[in-house]
Amino acid sequence: QVQLVESGGGLVQAGGSLRLSCVASRSYFSANVMGWYRQAPGKQRELVATIARGGSTNYADSVKGRFTISRDSAKNTVYLSMNSLKAEDTAVYYCRWTGTSDAYWGQGTQVTVSS
């Protein structure tokens, strides 16, 4: 069992920035991949960014160049730095921990971008 706790969401104007944090109860290195997903009302949950155990990253096309996923292994924390935010980025953002045989979700943190 892995507990994931997200924080850092809030209300921000378009063009602004936020940094989301996800603290895991297990070492980041126990996971194959950590990721951030988001879900807007009435829409499917979508992948935003991932970071693998070795540090390689991938991003959805919609956030490339604006968002950065990173980690602090000493704190068992994964971050999502969000810049140049747009109204379309408004969603609940979820942390995802994926192992070889199981996966877990965080509780989500709301990001609202006003325009």
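Side chains included, hydrogens not; waters and symmetry mates left out as well; all remaining heavy atoms used.
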Name the residue from Glu46, Arg45, Gln44 that meets the side chain to side chain donor-acceptor pair (under 3.5 Å) definition with Gln39. Arg45
Those residues at least two apart in sequence (or on a different chain) that pass salt bridge (Lys or Arg N to Asp or Glu O under 4.0 Å) with Lys43 are none
Can you list every ring-ring contact (aromatic ring centres under 6.0 Å, His included) pair that touches residues 33-72, not counting sequence neighbours? Tyr37-Trp105
Please determine whether residues Val63 and Val92 belong to a single hydrophobic cluster, defined as Ile, Leu, Val, Met, Phe, Trp and Tyr linked transitively by side-chain heavy-atom distances below 4.5 Å. no
Atom pair OG/CD of Ser62 and Glu88 - distance to nearest 0.5 Å: 7.0 Å
In the hydrophobic cluster built from side-chain contacts under 4.5 Å, what are the other members alongside Val23? none
Which atom pairs, one a donor and one an acceptor, fall under 3.5 Å between side chains of residues 78-85 and the rest of the protein, sequence neighbours left out?
from  : atom 1 : to    : atom 2 : distance (Å)
Asn83 : ND2    : Ser17 : OG     : 2.9

Under a 4.5 Å side-chain heavy-atom rule over Ile, Leu, Val, Met, Phe, Trp and Tyr, are Leu18 and Val48 clustered together? yes
Output for pair (Leu20 CG, Gln110 CD), nearest 0.5 Å, gives 10.5 Å
Which atom pair, heavy atoms only, marks the closest approach of Ile69 to Gly35? CD1-CA, 4.3 Å
Taken to the nearest 0.5 Å, the spacing of Arg53 CZ from Ser73 OG works out to 13.5 Å
Summary of salt bridge (Lys or Arg N to Asp or Glu O under 4.0 Å) pairs that have at least one residue in residues 89-115, sequence neighbours excluded: Arg38-Asp89, Arg66-Asp89
Between Asn32 and Thr100, is there a donor-acceptor pair closer than 3.5 Å when you use the side chain of the first and the backbone of the second? yes
Can you tell me how far OG1 of Thr50 sits from CE of Met34, rounded to the nearest 0.5 angstrom? 11.0 Å
For residues 2-16, which side-chain donor-acceptor pairs fall under 3.5 Å, sequence neighbours excluded?
from : atom 1 : to     : atom 2 : distance (Å)
Gln3 : OE1    : Ser25  : OG     : 3.4
Glu6 : OE1    : Gln107 : N      : 2.8
Glu6 : OE1    : Gln107 : NE2    : 3.4
Glu6 : OE1    : Gly108 : N      : 2.9
Glu6 : OE2    : Cys95  : N      : 2.6
Glu6 : OE2    : Gly108 : N      : 3.2

